[in-house]
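Structure first, commentary second.
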Amino acid sequence: MLIHSATQLLTLAGGPQRGSQLGSLGILEGGAVLIRDGRIAEVGPTAELRAAYRAEPALDASGRVVMPGFIDPHTHLVWAGDRAAEFELRRQGKTYLEILAGGGGILSTVRATRAASPEELLAQTRARAAAMLRFGTTTAEAKTGYGLETTAELAQLEALLRLDEEGPLEVVPTFLGAHAIAPEYAGNPQGYTGLICAEMLPAVRAWWQQHASGRPLPFVDVFCETGAFSLEQSRAILTTARALGFPLKIHADEFDNLGGAGLAAELGAVSADHLVKTSPDEIRALARSETAAVALPCTPFGLAEAHYTPAQAFLAEGGLLAIATDLNPGTAWCESMQFAIALACRYLRLTPAQAIAAATINAAAALGLQARLGSLEPGKQADLLILSVPDYRHLGYRFGGNLVERVIKRGEVVV
Ligand code: NIG
Ligand code: FE
């Protein structure tokens, strides 16, 4: 396949973009991409590629932007039911953590998810995956965390693997058994932490070796937060996971600062996510570490909170910043990375170019997948978008709609 005559071809070439380097799009005006066997074979000026190759099909992208598919590095894709009634309660003045402490919130989605049959769970999840794809997300990280017991968590992991096999959305799984204290352990977070370490993590590893051998182990994530897991409980879970060979992620500083960002850097987590209440000192330490920061601007927006990740301070210290939707039924039911970009441009004060890099090559880095995904360079997987607009700055500037005209996954037009 040859995609040619792009008004702007955004290559995002050159690897993840730290600090002040963020926002180099590698724009080729009148550019073309040659795709062979699901991979990018060549990128260059249209005249050169058309002279050298007679490719079928040839897609004319004149008047359009061609760019890498979005990578959404933080979602809670797999759940059943909804929390529309809680949204109304929050608008009437109840807070998110109050609702969780009262047995609602995450725990209400746990009840609905446990009660759903595997087919129902998959069907509801599949609809969201399809919406993500239409909005241009070609790869998404997706967490368990609405099971909170070994079998229910494994069922969610299985749903995620099934979804990935079905495609075309590529799913990168994360085990988040430590999303909330399981109802069976109400008032006993230490007991549930012990269960995760002694039973769940070894069970996930054994299950994985049996059902997904050959694939890298999933990430292990913890919700380090008041009302969820303390810093010491988070440390116990993450160090146990690391000893079992799992790569790590963490939800840190969404509502309260418990020190999760420092823990992520200390343990070499691939990313620390949310980072709304992180102190300036911790932002500096994280920026200087190998751990990526994943900002989730849909979440404060969804909660109508005024505070967002201090992205500018993090970039000033040279950090690796990515953005994600946090797609979940509680705080941010949003399948669109285009909307996350629009919010990032306003509340993280990113330029459109910075937000696009944070949603592609840096988002790939937040999953450790930057060698295969996130840019249009020879050898990389051919995951790309054709936008209906001639200028990349329409991303961020426009919001609430969908600028994606075609989605190409592994070299196939899928939307
Ligand atoms: O990232 N904070 C924890 N997890 C999600 C919310 C999940 C839910 O409310 O169901 C988040 O915001
Ligand atoms: Fe989350």
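In listed order, ligands and their atoms are each counted from 1.
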Item to check | For atom 4 (N) of ligand 1, the option (of Glu225, Glu86, Glu254, His179) bearing the nearest heavy atom | outcome: His179

Next on the checklist: So for ligand 1, is Thr299 a polar contact partner (N or O within less than 3.5 Å, distance only)?
Outcome noted: no

Checklist entry - Got an N/O contact under 3.5 Å between Thr109 and ligand 1? => result no

Item to check | Option whose closest heavy atom lies nearest to atom 10 (O) of ligand 1, chosen from Tyr146, Phe255, Phe223 | outcome: Tyr146

Checklist entry - Under 2.8 Å from the Fe ion (ligand 2), is there an N/O/S atom belonging to Asp326? => result yes

Item to check | Contact atoms of ligand 1, heavy-atom distance to His274 under 4.0 Å | outcome: 1 (O), 11 (C), 12 (O)

Checklist entry - Taking 4.0 angstrom as the limit, do Glu305 and Arg90 come out as a salt bridge? => result no

Checklist entry - For Trp333, is the NZ or CZ atom of Arg83 found under 6.0 angstrom from the centre of its six-membered ring and inside 45 degrees of the ring axis? => result no

Item to check | Ring geometry between Phe301 and Phe339 (parallel below 30°, tilted from 30 to 60°, perpendicular above 60°) | outcome: perpendicular

Checklist entry - Should the pair Arg39-Glu377 be classified as a salt bridge under the 4.0 Å nitrogen-to-oxygen rule? => result no

Item to check | N, O or S of His76 under 2.8 Å from the Fe ion (ligand 2) | outcome: yes

Checklist entry - What residue and heavy atom of the protein are closest to atom 5 (C) of ligand 1, and at what distance? => result His76 NE2, 3.5 Å

Checklist entry - Which atoms of ligand 1 are found less than 4.0 Å from any heavy atom of Arg83? => result 8 (C), 9 (O), 10 (O)

Checklist outcome for this item: Closest non-hydrogen atoms of Thr11 and Ser375, given as atom of the first, atom of the second and distance, are O-CB, 3.3 Å

Checklist outcome for this item: Here the pair of heavy atoms bringing Val270 nearest to Pro247 is CG2-CB, 4.3 Å

Next on the checklist: Which of the numbered atoms in ligand 1 are under 4.0 angstrom from any heavy atom belonging to Ile106?
Outcome noted: 7 (C), 8 (C), 9 (O), 10 (O)

Checklist entry - What is the ring orientation for His179 with His251, classed by angle as parallel under 30°, tilted 30 to 60°, or perpendicular over 60°? => result tilted

Item to check | Minimum-distance protein heavy atom relative to atom 8 (C) of ligand 1 | outcome: Tyr96 OH, 3.2 Å

Item to check | NE2 (His251) - the Fe ion (ligand 2) - NE2 (His74) angle, nearest 10° | outcome: 90°

Next on the checklist: For Trp79 and Tyr146, take the angle between the two ring planes, folded into 0 to 90°, and tell me which bin it lands in: parallel under 30, tilted 30 to 60, perpendicular over 60.
Outcome noted: perpendicular

Item to check | Residue, atom name and distance, where the atom is the protein heavy atom closest to atom 11 (C) of ligand 1 | outcome: Asp326 OD2, 3.0 Å

Item to check | Pair Glu317 + Arg284: basic N to acidic O under 4.0 Å | outcome: yes

